Protein chains: 4
Amino acid sequence: MNERRRGAVRSEAAHRSILEATAALFAEKGYDHLTIEGIAARAHVGKQTIYRWWPSKAEVVAECLLEGVLLPYQFMPPTGAPVRDDMVDWLRGLNAFVTGEQHAELFRSLVAAAMDNADVGRMLRAKLGDESVMVQRLQAAVDAGQVRSDAPLQEVSEAFAGMLALRVLSRAPAEPDAAERMVDAVLGPYLT
Amino acid sequence: MNERRRGAVRSEAAHRSILEATAALFAEKGYDHLTIEGIAARAHVGKQTIYRWWPSKAEVVAECLLEGVLLPYQFMPPTGAPVRDDMVDWLRGLNAFVTGEQHAELFRSLVAAAMDNADVGRMLRAKLGDESVMVQRLQAAVDAGQVRSDAPLQEVSEAFAGMLALRVLSRAPAEPDAAERMVDAVLGPYLT
Amino acid sequence: MNERRRGAVRSEAAHRSILEATAALFAEKGYDHLTIEGIAARAHVGKQTIYRWWPSKAEVVAECLLEGVLLPYQFMPPTGAPVRDDMVDWLRGLNAFVTGEQHAELFRSLVAAAMDNADVGRMLRAKLGDESVMVQRLQAAVDAGQVRSDAPLQEVSEAFAGMLALRVLSRAPAEPDAAERMVDAVLGPYLT
Amino acid sequence: MNERRRGAVRSEAAHRSILEATAALFAEKGYDHLTIEGIAARAHVGKQTIYRWWPSKAEVVAECLLEGVLLPYQFMPPTGAPVRDDMVDWLRGLNAFVTGEQHAELFRSLVAAAMDNADVGRMLRAKLGDESVMVQRLQAAVDAGQVRSDAPLQEVSEAFAGMLALRVLSRAPAEPDAAERMVDAVLGPYLT
DNA sequence: GAGTAATCGAGACGGTACGTCTAGTCTTTTG
DNA sequence: CAAAAGACTAGACGTACCGTCTCGATTACTC
């Protein structure tokens, strides 16, 4: 019945150490200059221990993202204020975060990693709040009578997410009023 | 005598040869697995001849883009039909192109290259039609009375461009009606 | 009274299996490419079971030699014929064995192992008949009046052994009459 | 007619540096613990520069031997005294050199290398004076009337060389009178 | 029996070195 | 005299083994 495993068991210490080293080096040097040898050295781990569990550096990065070691923030849309203000707040925060001095390079590296590996892309979208989260917030607004019930929530969400994507891609500087203009232009017509 | 002229001619041949080799190898292996050595070998050129003219492989790729060797298409929005239909056509075409079997991997590589090098990003945006081109088309629609004069053209354009960006990033499959839904949702409210 | 040990006892099956796997792999790949991991895998044995009982692969090889798993032959000088003919026979046989197609590579590996580990060297010499065995045969010839009693038996033996050693070391091909020439040159002057 | 090569030419500095580093490390750690990486590091040379010119570390060692970087001594038999004394001197010197504290380990490593690679074996024999050198010295003795003209010079030489080989192989300590006993036993009967 | 050691196969661990590949620079020869 | 050919130092790649260290199971002696 129970397939007994034999031999020593995976070392959780090594596992953690690898993820932490990866996160640190990713932040320091970016995805391109991240190396398996560097991770192994920083984590005080044999290279084989990395290759035993992950097929490529992209997968290690994906797991870092999943575990929140790389990007500990989880962006959920706020819900207290009227939907228009909540969306502006949220988009403004994300936009500032994603394009700000601190993190712009990190995100460019993450996008490069995502282009290399679909898992990284998936994790990254989940972290940044995919459209389903946005749609839920908008649906709540519909239920509260703040948004017309015939509003195309899916498309509105996609427009907002796309705006963020575009700004990462095009190295656009963070403009404080971009979020406001975007929300008014796209969501505005559907507010009651 | 004219021996010297021939030397200059040969140099231009090398230049072209490098761009063509780069384009061919880019298409074959993608940006990550593109190497200077590979380009030099394929172009029958010394590595130094590449390093003499470009500081990095990203710059070679950028010039390929500029010269149209990599991406010979130039996407301009059509102008014949009502603006709503023109935009749908245009977005649909671009979306299919960018996410289709043939080119999806190429675009992912281009995005990776753009993350590595701002020039590549600039070229890529220019090739795919940046917002200013879209804004011009929309302005024409305003002038023609098809779109309300208070419509936020900049933001509408950004929403459309963002949608495309998002689809490249997230490896979304090409949905034929996505363009239509997007145009109706974002531009719809501003049509007269 | 007797301090008996507790717990399981050394597995004879594992022991044998290791020696056999070692012999097989030694013959297949030679000493240099023999690995502890390879032996363990071939013997269906944990690596630790090898390290528990032997300090190095050289010691395992030495025991293989001792147990006759590696080299099942035991060369003793014949005694029937006149000493000159017996020595020729014996040297010829050994020389052919040691330098022949079949075994030359094996012996080179054994020499390499002997350079690595003195025990292997000891075993190897014992197997191939060290000088004391030769001296005994020659002493019998002295007693039988076939060899002068003032003959330097030790040095004559050493000369014969040295000839064999030299031929292994220098990859000399097996010459059928080498043994005869050697015996006549070195032992000849002392025959009665 | 002459196929001339293009491009840069082999760096003599790197070549020398590699041979010297190899000799130093060989002496320090022996053949087994000699590594290509170690040589490259010590010689301030890329590993590829070693692999470009030699297929294995054994070949590098062989060239070290050939170039006299590893073993700068060249043993030629002396010729001044009567042949018996010259041979004793020569054998004693070689035996002491080969089995002495200083060099025994080096020679064991060299033998191991020779078992690995035929070139090393050839070089080693040439360095230590192969039998042809000995035969020449003995022939001179024959011409001078010190040795009988029917003496089997080839076999006598082989006996002496074999004695040395055996002593390297068997880790025999250097006995000062071994050379004398050997010469008297093997060459003695042929002296006039 | 229950307890206690030592053994077993299996295999993960931190490491070292392998032999290959590419980067970016420097050098020689040739058209 | 520009540029092809290619050697140079440097360093990461992914693999193979090293010798050590768990694991859980098994075996054999002691109490």
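Here is the naming used below: chain letters follow the sequence lines, and residue numbers restart at 1 for every chain. Since the structure is predicted, the reported quantities are computational estimates derived from the model, not experimental observations.
- Checked by atom type and distance alone, the side chain of D:Arg108 never pairs as donor or acceptor with a backbone atom of C:Ala114 at under 3.5 Å.
- For A:Glu12 and C:Val9, each mapped to the nucleotide of DNA chain E holding its nearest heavy atom, the one lying further toward the 5' end belongs to C:Val9.
- Residue B:Tyr31 contributes atom OH, which lies 14 Å from atom C1' of E:dT22 at whole-angstrom precision.
- A heavy-atom distance below 4.5 Å is not found between the side chains of D:Met115 and C:Met115.
- One finds the OG1 atom of D:Thr49 at 9.0 Å from the CH2 atom of D:Trp53 (value rounded to the nearest 0.5 Å).
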Show me, pair by pair, the donor-acceptor contacts under 3.5 angstrom made by side chains of residues 15-30 of chain A, not counting sequence neighbours?
residue : atom : partner : partner atom : Å
A:His15 : NE2  : A:Glu63 : OE2          : 2.6
A:Ser17 : OG   : A:Ala43 : O            : 2.9
A:Thr22 : OG1  : A:Ile18 : O            : 2.7
A:Glu28 : OE1  : A:Arg42 : NH2          : 3.1
A:Glu28 : OE2  : A:Arg42 : NH2          : 2.6

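- Distance, B:Leu25 CG to E:dT22 P: 11 Å, rounded to whole Å.
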Revision key, fill the gap. Per-nt protein contacts along nucleotides 9-14 of chain F (heavy atom under 4.0 Å; B base, S backbone sugar-phosphate only, - none) come out as BB-BBB
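- Other residues, nucleotides and ligands place more than 12 heavy atoms under 6.0 Å from the CD atom of C:Glu12.
- For F:dA5, one of the phosphate oxygens OP1 or OP2 lies less than 4.0 angstrom from a side-chain nitrogen or oxygen of D:Arg6.
- With a 4.5 Å cut-off on side-chain heavy atoms, C:Leu70 and C:Leu110 count as touching.
- In this entry the distance linking CD1 of A:Ile50 with C1' of E:dG15 reads 13 Å, nearest Å.
- The interatomic distance linking C:Glu59 (CD) with F:dG19 (P) rounds to 12 Å, in whole Å.
- At whole-Å resolution of the value, NZ in D:Lys29 and P in E:dT16 are 12 Å apart.
- At whole-Å resolution of the value, NE2 in A:His15 and C1' in E:dC13 are 15 Å apart.
- A straight line from CG of B:Asp32 to C1' of E:dC21 spans 15 Å, rounded to a whole angstrom.
- Looking only at distances, a side-chain donor or acceptor of D:Lys57 sits under 3.5 Å from a matching main-chain atom of D:Leu34.
- OP1 or OP2 of E:dC13 sits under 4.0 Å from a side-chain N or O of A:Trp53.
- One interatomic measurement links the two molecules: CD1 of C:Ile39 to P of F:dC18, which rounds to 8 Å at whole-angstrom precision.
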